[in-house]
**Student:** 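Dumping the structure here so I can ask a few things about it.
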Amino acid sequence: MSIPILSILVFLPLAGCLLLLPAWNCRRLARPIALVVALTELTLALWLYASWKGLAVNPFPQGFLLLEDAPWIPAFGIRYTLALDGISLLMIMLTAIVFCVGLAVSWDSIKERTSLFLSMMLVMEAGIMGVFLALDLALFYLFWEMMLIPMFFLIGIWGHGRRLYSTLKFFLFTMSGSLLMLLAIIALHLLYAQQTGVSSFQLQELLKVQLPLETQLWLYAAFFLAFAIKFPLFPLHTWLPDAHTDAPTAGSVILAGLLLKTGSYALIRFGYPLFPQAAQMMTPLFYSLALIGIFYASLVAFAQQDMKRLIAYSSIGHMGYVAIGIAAWQPVALSGAIIQMANHGVTTAALFCMVGMLDERAHTREIAAFGGLWGKLPLWSFFFLLFAVTAMGVPGLNNFVGEFLILAGTIKSSPLVAVLAFCGIVFPLIYMVRLVQEVVFQKERQPLSLNDLNPREIGILAILALLDIWMGIHPAPLLEMLHVPVQLLTGGTP
Amino acid sequence: MTAEQLLAIMPLLILAGGSVLLLLTGAVRPGGYLYGIAAACAAAALIWSIAMPADAVMPGLAITSFSRFFSVFLYGTGLVALLLAWEYNCRRGITGEEFPATLLFALTGMGAACAANNLVMLFIGLESFTFAFYIMVAIERRSEHGGEAGLKYLLNGTLSAALLSMGIALIYCSRGTLRLAELVAMQVIDPLFIAGSCLVLLGLAFKLSLVPAHLWTPDVYQGAPAPVTALLSTASKAASLAALLLFIPLVESWRGIHDIFWMLALLSFVSGNLAALLQRSIKRMLAWSSIAQMGYVALSLVAAPSGGRPAAVFYAVMYAAAGLATFGAVSLLSGDHDRDELEQYRGLGYRNPAAGAALAVALFSLAGIPPTAGFMAKFAIFAAALRSGETSLAIMAILTALVAVFFYLRVVVTLYMKSPEGQPDHAPPLSVAGMTALAIPTLTTLFLGIYPQPLLELLKRILP
Amino acid sequence: MKLYLALILLLPLAGGLINALIGRMLPRKVGETIACGVIWGAFSCALLAYTNFTAPVTAEYGSWLSTFDFKAPIALYLDQFSLILTLMITFVCGLIHLYSVGYMGEEASHARYFALLNLFVFAMLVLVLAANLPLLYLGWEGVGFCSYALIGFWYTEEKNATAGRKAFIVTRIGDTAFGIAIIWMFLLFGTQSIAELNFLAPLAPPGVITVLGILLLIGAAGKSAQLPLSVWLPDAMAGPTPVSAQIHAATMVTAGVYLLARMFPLIGSSPTTLAAIAVTGGATAFYAATCACAQRDLKRILAYSTISQIGYMILGVGAGALTAAGFHLLTHAFFKALLFLGAGCVITALHHQQDIFRMGGLRGKLPAVYWPFLAGVLCLAGFPLSGGFFSKDAILGAVFERGGSLYTSLFLLGLLTALLTAFYTFRMLFIVFHGEADNANHQENGERTLPLVMTITLVPLAILGLGGGVLNLPAYLGEGLLARFFGSIPGFGAMHSSHMEELILQGIAAAVSLLGLGLAWQRYMGVQRSGVLAREQAGSKLFIFLQNGWYLDELYRLLFIRPFVRLARFLWKGVDETAIDGALEGLARLMGRLALLPSAWSTGKVATSLFGLAGGVAAILAYCAWALS
Amino acid sequence: MIVPLEHILVLAGLLFFLGMAGLLTWRANMIMMLVCIEVMLNAVMLVAVGGSARWGNADGQLFAIFIMALTSSEVSLALAMVVYLHRRKRTVDTDLFSELKG
């Protein structure tokens with residue numbers, strides 16, 4: 001294909017930022033521009049989805065559907081390599097959708113410095129797209145760090161509560177992991193250069209490097225730390241509740257929907273393939289952290305008073321299942337983990353949207369302030385119940401698909417973990433049911449005069465709800481899309 | 001002197017001549033236009049250096065691609081500093097001819113230092129621009145702290161000059177020559193030579209403000225006028241780095257040099273980053289951070305044998321761009337008094353978007369976050385450090401870099417995330433000169449962050 | 001057949017979706033018509049399926065979860081057992097839907113109500129018809145959700161919402177065990193299809209089968225409210241009465257029995273599992289019967305009786321008498337739905353009064369309710385020749401047949417339970433319908449007239465309940481229809497016992513039932529009636545103990561809920577905020593302290609910096625001396 | 001060569017460190033500090049001239065002359081600074097100029 005569609009995906013949002021400049025002080029013009037850019041991205045992503053089977057006929061090496069490669073900084077051996085396979089395609093679609101949702105949900109709520117906000121969103125979209133597409137480790141790292149800056153501003157400028165504390169905490173946490181990863185990336189590059197005399201950061205090249213186990217362990221530890229913080233795994237998770245709680249709605253949506261996924265994605269794409277033995281050795285640690293996370297986060301979520309915080313903690317628990325699915329490194333579990341990344345992205349994004357909408361109306365997120373919303377906000381409550389039920393993992397909705405596949409796969413490599421993790425499935429139900437009961441049901445606790453959802457909000461939620469249901473009932477096309485990459489990753493032939 | 005030699009040293013002549021010319025015209029008719037002349041001189045020297053790539057060797061000076069690169073770099077820095085100072089000084093009534101003349105003189109010294117081919121010329125070049133800085137630091141007579149800063153810089157500077165000259169004298173005693181080329185050829189280790197070299201290194205460490213010769217830095221940076229600080233923290237350091245790069249080959253075969261740089265680097269980035277953590281004065285914070293940044297430069301010099309030199313210079317270029325932008329923003333945002341307290345920057349990113357953005361980009365660059373030059377520079381030095389097996393030093397460097405992220409971001413937080421309540425707004429609007437002076441380093445920072453390849457290639461070519 | 005099966009499922013689903021999405025905008029009548037119509041449509045399809053039924057069929061409609069070796073398509077499996085259950089579910093639910101039109105006549109959120117009711121039927125049918133376990137699990141969880149939402153239908157009362165929550169959570173605990181069993185079976189057999197699993201079962205080691213069986217039992221216990229997960233069902237009565245009838249009596253709560261029966265070829269090979277199942281069933285039957293004797297809330301009596309009757313069914317499964325269990329499941333569905341609907345009539349008539357001590361003497365006032373209710377009571381009490389009599393007796397007979405000390409004692413326990421059942425059933429009947437009316441209550445409000453649709457639905461149920469026995473008459477009266485029909489399903493083999501033995505057993509059962517009737521008559525119809533009632537209202541210790549369900553709730557609150565809440569709080573405040581964040585803050589403070597070290601050197605005096613340089617000279621020269629020596 | 005190089009070096013070293021010691025201790029008077037620096041630079045010149053004598057070339061002497069030039073200019077500047085500082089604080093005690101710290 002002659003059109004560099006992957007580069008367009010990455011750079012279109014940046015171009016969108018430039019488009020915003022003329023309309024910088026005109027909010028009415030800036031918002032549609034940004035939305036159009038995001039929608040174009042979505043169209044591109046959907047177009048890729050529609051045509052992936054055609055592309056799969058003549059795949060690039062390693063089963064990639066598309067590959068764009070050009071020298072970038074030969075002095076360092078860094079190339080500009082973007083590639084697309086089923087996994088990244090799923091993530092790209094998720095990114096495009098979540099950004100559209102993020103822009104739409106903050107359509108009215110961001111009243112100050114709108115253009116700055118929009119440009120930050122677009123820059124972040126570019127960064128996240130880049131993370132999901134980059135195949136050169138240095139390029140990947142560049143995008144990995146680049147997406148932090150807009151999020152930093154997003155929380156810091158448009159956040160609530162202790163936003164400065166939260167945004168700094170978020171930034172420092174993620175930086176601390178990724179800086180060590182940078183060293184590990186460079187070290188890997190140098191080892192490869194030593195062995196082959198060629199200087200490269202490309203994944204396909206680096207995969208050929210022969211590493212002694214001890215080196216592998218050290219390097220993998222550095223990668224793992226970076227990804228574990230993003231995941232986030234217990235006990236590296238404390239940035240997340242703060243960041244989520246204090247971020248603006250769009251920030252939380254993107255944080256939960258996408259940023260957490262970059263960690264798991266990178267672990268699948270880079271961590272495990274690069275350091276297979278080390279990853280194997282660290283699996284018990286990974287399992288135990290994930291399991292602790294599941295139980296711990298669910299318990300803590302139960303104790304929360306703030307709706308957003310509750311959902312934030314629930315994210316940690318749900319991501320624990322993704323972690324288990326990756327740790328199992330088994331085709332079914334891995335497919336489940338990947339699909340669960342998308343599922344969780346959609347569901348949690350929806351929940352954060354909903355809390356944001358409520359917050360805009362009531363100016364509080366305290367659970368204790370609400371009650372009996374079913375009577376006052378029937379539509380809101382309907383959607384909230386739907387998404388809550390999804391988060392509980394009720395079959396027929398998407399979270400179940402991911403979690404069930406993860407557990408069904410995991411039991412093949414580690415029955416005990418699978419059984420324990422399955423026990424953890426009770427907990428999301430407990431805290432979600434509590435949340436739903438105290439907010440949606442019961443009697444009104446404070447007299448609040450609230451308006452129900454407007455058409456824009458209904459549209460957002462309806463799309464997310466349809467996605468939830470579609471991915472819950474008919475995940476087969478997505479699973480089919482993941483089949484080849486997962487098989488390649490887990491050591492099979494396509 | 002042949003025509004070619006004349007062509008080669010023309011930039012130096014332009015600068016020196018410009019300096020004299022300014023002194024003369026200034027005596028007749030002082031005024032802001034003098035800055036224009038100075039800027040024109042600097043620009044002429046800069047353009048000449050780029051456009052007339054003539055190599056020449058003459059007694060004391062050797063114009064090579066190395067020196068031309070540094071000249072371009074230093075003159076560019078000087079030009080930006082002049083543009084910054086233009087507005088700043090005029091606002092404060094420093095309209096005399098002495099400032100632009102001294103600045104041009106300093107540039108002459110720097111140009112000489114990086115083109116030196118013997119130690120005397122190196123010494124003269126270094127001392128002449130340091131001398132110029134003694135004047136510029138204390139040039140604002142109304143300033144509260146200018147005098148104190150001048151005093152500190154002067155005393156430390158003369159002591160370091162004494163150390164440097166003693167070192168050179170000892171080397172001479174031991175080798176019998178001051179020509180760099182001859183010295184490089186003689187790789188015999190004897191105590192006198194080593195002692196001399198160490199003193200030279202320490203003298204240069206003062207100029208680069210590496211620990212333990214760093215304690216003047218925060219005081220002088222804080223007390224000096226912001227544009228002077230901008231130049232002092234960038235050009236002065238870059239020229240000293242050039243001198244260091246010229247000097248290092250002399251002692252490279254001695255293993256001890258590695259250990260010395262190792263210690264200098266470690267102490268510098270640890271203490272610099274830690275001390276910057278709690279500073280309330282932005283200039284002071286930047287001063288401590290510059291100590292740390294120079295520590296990173298030293299880190300890449302530790303790895304000099306395995307390709308650390310290009311990394312060091314790249315880092316210096318990045319730091320120069322960032323330093324010019326940060327101190328430049330500080331000077332442009334300062335009214336009658338220097339805007340020095342961090343709290344005075346609350347919400348300034350919105351009231352003065354250009355300066356705020358420049359400051360933020362520069363801070364991100366200093367923190368090493370992509371897509372800025374700082375990231376590429378860190379990438380380069382860590383790659384160099386790991387290649388030469390300095391893993392533990394690299395890990396410590398990266399951990400302190402994490403600490404640094406905090407205090408750089410604190411400024412960004414103040415700029416964009418705190419409301420400017422109760423802050424009287426004295427932020428002056430930016431002039432064209434100011435805008436240009438901010439735009440050049442900022443664009444450089446971004447360009448080098450996205451496409452550093454040309455510069456890296458150039459550096460690989462000119463540095464052995 | 002494929003079409004019928006699809007329609008059976010799709011009709012209720014469509015009805016539910018229509019009511020959920022646009023129900024608010026539709027006129028009430030339309031919504032009600034759609035809701036009832038789809039269920040009766042499903043029933044018609046089920047009838048068509050029945051008439052066309054020749055042999056078990058599997059119908060696959062598409063892929064659901066399938067990746068690599070994990071395959072769980074959207075596939076339905078229809079055999080005799082699921083066919084009969086489908087018929088029963090669509091029929092009973094159809095009646096209850098009709099009844100609801102009357103019962104919920106004044107309810108504003110009718111759309112939500114009917115949507116959930118329809119969705120429930122859909123989920124229940126998925127559960128029954130699923131060809132593989134994940135799909136079954138979908139139905140399983142789906143009914144759980146609908147039950148949750150319907151129990152808390154009147155959500156403004158905290159009590160109702162809490163009851164729904166409790167039901168959801170407790171059943172989810174059981175579901176988890178079921179889920180673990182599912183993935184474990186995937187590990188063992190590599191398939192999810194129920195038929196294949198049952199076929200492959202002999203390949204697995206017996207120990208594993210036992211564990212799988214126990215896991216399935218826990219799952220079943222959760223859904224079917226067996227000990228120790230029985231606590232949710234009495235509270236579930238907070239929902240509207242038709243909901244109680246449909247979900248918490250006739251259909252959903254029997255899902256556990258269905259599951260165990262379905263998987264019987266797999267689990268039946270382990271005697272330990274069977275014993276565990278039987279003990280659970282027997283113990284629950286007895287436990288719930290004792291509790292039912294002391295309840296004063298009409299619906300709670302029925303709830304405990306449901307638990308108890310399902311205990312019988314589970315006991316039957318444990319005894320290997322699947323046909324008997326299925327038979328009891330059917331008759332129970334009819335007469336328990338009947339009882340609940342009758343109770344609903346009473347409650348409606350008395351303006352949502354549920355306390356039986358505030359009732360009395362309703363026989364004259366509500367004759368249209370009394371007679372069907374009486375039919376239900378006879379069935380529940382196992383009155384000779386009623387449907388309940390035959391089905392319950394089939395189970396007890398099977399248990400007796402098994403022999404051995406365990407099963408014999410379970411048989412005796414079952415008889416004792418039967419006695420209690422008869423007693424509390426007639427106690428309920430006598431207190432509610434006989435005796436004197438509670439004048440204060442009645443005069444205040446007067447009775448509401450009942451819509452015809454409510455009372456009319458009782459009639460078919462009463463007929464089916466009373467005559468249910470003919471579905472599977474004991475062998476001495478001819479071969480049972482069900483036994484013949486189910487005969488070919490694996491695991492449903494007929495029990496063989498001599499006619500004489502069977503007759504004796506039925507005689508004993510009849511006697512027990514009559515004895516219970518007598519006791520109740522003596523206590524509540526005789527002269528002591530008013531005294532007994534007063535004493536019961538005051539409540540003795542034993543009475544209170546039984547009334548509170550042996551304080552099982554309190555026990556769980558003490559053992560699980562309170563530690564859970566405390567632990568959650570501790571983990572949040574103690575670990576998350578204090579330990580982890582505290583450690584980080586400590587690190588930050590440490591950094592702050594360390595930051596003072598280098599800046600302490602910057603004293604402001606120029607001499608210090610000169611000292612620094614001089615110190616540097618000393619150090620570097622010392623190093624040189626050391627390095628060169 | 002009449003005097004051995006070692007002797008010159010020892011003398012110069014003594015002078016140098018004396019100067020440095022004086023610089024560090026005499027901080028109450030800035031003028032004396034400047035004098036001490038002069039002493040140090042004189043030691044440097046001594047070494048340079050000594051080296052010149054050892055190797056028989058003029059480079060060292062040239063260097064010494066440059067240092068002289070540098071010294072004189074530095075002293076002139078320093079004295080101007082002394083005057084300026086004295087005018088501000090009426091003292092030449094360097095320890096009193098310690099407002100910038102931390």
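As a basis for the values below, the full set of heavy atoms in this structure was taken, side chains included, without hydrogen atoms, waters or symmetry mates. Chain letters run A, B, ... following the sequence lines, proteins first, then strands; residues in each count from 1.
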**Student:** What part of Leu385(A) gets closer than 4.5 Å to chain C, counting heavy atoms only: side chain, backbone, both or neither?
**Tutor:** side chain

**Student:** Indicate yes or no: at least one non-hydrogen side-chain atom of Leu482(A) is less than 4.5 angstrom from one of Thr67(C).
**Tutor:** no

**Student:** Hey, does the side chain of Arg172(C) reach the backbone of Met392(A) with a donor-acceptor pair shorter than 3.5 angstrom?
**Tutor:** yes

**Student:** Do Asp576(C) and His237(A) have side-chain heavy atoms sitting under 4.5 Å apart?
**Tutor:** yes

**Student:** Assign the ring pair Phe422(A) / Tyr137(C) to parallel, tilted or perpendicular, where the plane angle (0 to 90°) is split at 30° and 60°.
**Tutor:** perpendicular

**Student:** Examine distances only and state if a side-chain atom of Trp64(C) and a backbone atom of Gly472(A) form a donor-acceptor pair shorter than 3.5 Å.
**Tutor:** yes

**Student:** Which bit of Leu188(C) comes within less than 4.5 Å of chain A, counting heavy atoms only: side chain, backbone, both or neither?
**Tutor:** neither

**Student:** Shortest non-hydrogen contact from Ile183(C) to Ala418(A)?
**Tutor:** CD1-CB, 4.1 Å

**Student:** More than 12 foreign heavy atoms under 6.0 Å from NZ of Lys573(C): is that the case here?
**Tutor:** yes

**Student:** Does the side chain of Gln437(A) pick up a donor-acceptor pair with the side chain of Thr162(C) at under 3.5 Å?
**Tutor:** yes

**Student:** May I ask you to test the Ser66(C)-Glu480(A) pair for a side-chain heavy-atom distance under 4.5 Å?
**Tutor:** no

**Student:** Under a 4.5 Å cutoff for heavy-atom pairs, which residue among Phe404(A), Phe234(A), Trp239(A) has the most contacts with chain C?
**Tutor:** Phe404(A)

**Student:** Which bit of Phe427(A) comes within less than 4.5 Å of chain C, counting heavy atoms only: side chain, backbone, both or neither?
**Tutor:** side chain

**Student:** Against chain A, label Val126(C) side chain, backbone, both or neither, depending on which of its atoms sit under 4.5 Å from a heavy atom there.
**Tutor:** neither

**Student:** Checking heavy atoms, do the side chain of Leu405(A), its backbone, both or neither come under 4.5 Å from chain C?
**Tutor:** side chain

**Student:** Identify the two heavy atoms, one from Arg112(C) and one from Trp374(A), that lie closest to each other, and give their separation to 0.1 Å.
**Tutor:** CD-CZ2, 3.3 Å

**Student:** Under 4.5 Å from any heavy atom of chain C, what part of Val389(A) do you find: side chain, backbone, both or neither?
**Tutor:** side chain

**Student:** Counting only heavy atoms closer than 4.5 Å, note whether Phe564(C) contacts chain A via side chain, backbone, both or neither.
**Tutor:** both

**Student:** Under 3.5 Å, side chain of Tyr296(A) to main-chain N/O of Trp572(C), donor-acceptor pair present?
**Tutor:** no

**Student:** Between Pro235(A) and chain C, which part of the residue has a heavy atom less than 4.5 Å away: side chain, backbone, both or neither?
**Tutor:** both

**Student:** Test the Lys443(A)-Tyr155(C) pair against the cation-pi criterion, namely NZ or CZ under 6.0 angstrom from the six-membered ring centroid and within 45° of the ring axis.
**Tutor:** no

**Student:** Surrounding CD of Glu577(C) (heavy atoms of other residues, nucleotides or ligands, distance under 6.0 Å), is the total greater than 12?
**Tutor:** yes

**Student:** Hey, are the side chains of Glu141(C) and Phe400(A) touching, using non-hydrogen atoms and a 4.5 Å cut-off?
**Tutor:** no

**Student:** Checking Trp140(C) against chain A: side chain, backbone, both or neither under 4.5 Å from a heavy atom?
**Tutor:** neither

**Student:** Give, as side chain, backbone, both or neither, the part of Phe168(C) having an atom under 4.5 angstrom from any heavy atom of chain A.
**Tutor:** both

